[in-house]
S.K.: 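Before anything else, here's the structure in question.
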Amino acid sequence: PNHKLVALGGPGKLIKIYDTATGELKHKIKKHTDWITAMEFSPNGETLATGDRNGGAFIWDAETGGIAFTLGDHKDAIAGLSWRADSQMLATASEDGKVILWYSEDGFPTRSFNAQVDPKAPNARKLPGVLAVSYARNGSLATCGRDNSARLWNSKG
């Protein structure tokens, strides 16, 4: 967010963080076990969240490259990440159909919900895959999924 760092990931399972002023590679992180599919710096620029195709998600210290938290509750590929504007909450979206909200101070999940379920449908069933999640400025969330639907959620899911 402050344009001092840029982070890259992909099929090599590596996170590379570069200094934008010098082009210097500051950190090369080998923690993911599969392709890195999502990453986003927190709005305050202090942390970086990453997710992979194996359901692994992590929060890193952007300056040191050290791991802050392992976020291990998803059972399938991480498809999207989004930070709340105050950098206190991270939303992760997965092919497992869930969105999990994580508190950035301790790395614990505060809420999890099946984002691709129509709560008004009788005998609601889980629909496959959440492909993206995004926090709005007011703290609400938007998701879209493999069922070709987009949904809006209040801050509590």
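Quick note: numbers below take in every heavy atom, side chains included, and nothing from hydrogens, waters or symmetry partners.
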S.K.: Could you measure the distance from the CG atom of Leu90 to the CD atom of Glu40? Nearest 0.5 Å is fine.
M.R.: 8.0 Å
S.K.: What heavy-atom pair brings Leu14 and Ile36 nearest, and what distance separates the two atoms?
M.R.: O-CD1, 3.2 Å
S.K.: So, Asn138 side chain and Ser140 main chain: donor-acceptor pair closer than 3.5 Å or not?
M.R.: yes
S.K.: Test of understanding: clusters of I, L, V, M, F, W, Y form through side-chain heavy atoms closer than 4.5 Å, transitively. Do Trp60 and Trp102 belong to the same one?
M.R.: no
S.K.: Could you measure the distance from the CZ atom of Arg151 to the OG1 atom of Thr143? Nearest 0.5 Å is fine.
M.R.: 6.5 Å
S.K.: Identify all side-chain donor-acceptor contacts of residues 67-81 below 3.5 Å with residues at least two apart in sequence or on another chain.
M.R.:
unit_1 : atom_1 : unit_2 : atom_2 : d
His74  : ND1    : Asp96  : OD1    : 3.4
His74  : ND1    : Asp96  : OD2    : 3.1
His74  : NE2    : Thr92  : OG1    : 2.7

S.K.: Can you measure from OH (Tyr18) to CD (Glu24) and round to the nearest 0.5 angstrom?
M.R.: 11.0 Å
S.K.: Quick one: OG1 on Thr20 to NZ on Lys4, what's the gap to the nearest 0.5 Å?
M.R.: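 Those atoms lie 9.0 Å apart.
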S.K.: Under a 4.5 Å cut-off applied to non-hydrogen side-chain atoms, are Met89 and Tyr103 in contact?
M.R.: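 Answer yes - side chains close enough.
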S.K.: Working to the nearest 0.5 angstrom, can you tell me the gap between Arg53 CZ and Thr37 OG1?
M.R.: 9.0 Å
S.K.: Knowing that exactly one of Ser104, Pro43, Ser42 qualifies, which makes a side chain to side chain contact (heavy atoms under 4.5 Å, CB included) with Gln88?
M.R.: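 Between Gln88 and the candidates, side chain to side chain contact (heavy atoms under 4.5 Å, CB included) is satisfied uniquely by Ser104.
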S.K.: Work out which heavy atom in Val99 is nearest to a heavy atom in Ala115; give both atom names and the distance.
M.R.: CG2-CB, 3.6 Å
S.K.: Please name the pair of heavy atoms, one in Tyr135 and one in Ala91, separated by the smallest distance, quoted to 0.1 Å.
M.R.: CE1-CB, 3.7 Å
S.K.: Tell me if the CD atom of Glu63 is crowded by more than 12 foreign heavy atoms within 6.0 Å.
M.R.: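 No, CD of Glu63 has 12 or fewer neighbouring heavy atoms, counting only those of other groups under 6.0 Å.
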S.K.: First locate atom OG1 of Thr47, then atom CH2 of Trp83, and finally report the distance between them rounded to the nearest 0.5 Å.
M.R.: 3.5 Å
S.K.: Looking only at heavy atoms, which two atoms of Gly65 and Ile29 are closest? And how far apart?
M.R.: O-CD1, 3.5 Å
S.K.: Which heavy atom of Ser155 sits nearest a heavy atom of Leu101, and at what distance?
M.R.: O-CD1, 3.7 Å
S.K.: Using the six-membered ring wherever Trp is involved, compare the ring planes of Phe113 and Trp153 and label them parallel, tilted or perpendicular (cut-offs 30° and 60°).
M.R.: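 Phe113 vs Trp153 ring planes: tilted.
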S.K.: What closest approach, in Å, do Leu25 and His27 show between heavy atoms, and which atom pair accounts for it?
M.R.: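 That closest heavy-atom pairing would be CD1-O, 3.3 Å.
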S.K.: Shared ILVMFWY cluster between Phe41 and Ile15, side chains joined below 4.5 angstrom?
M.R.: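 The answer is yes; both residues are in one hydrophobic cluster.
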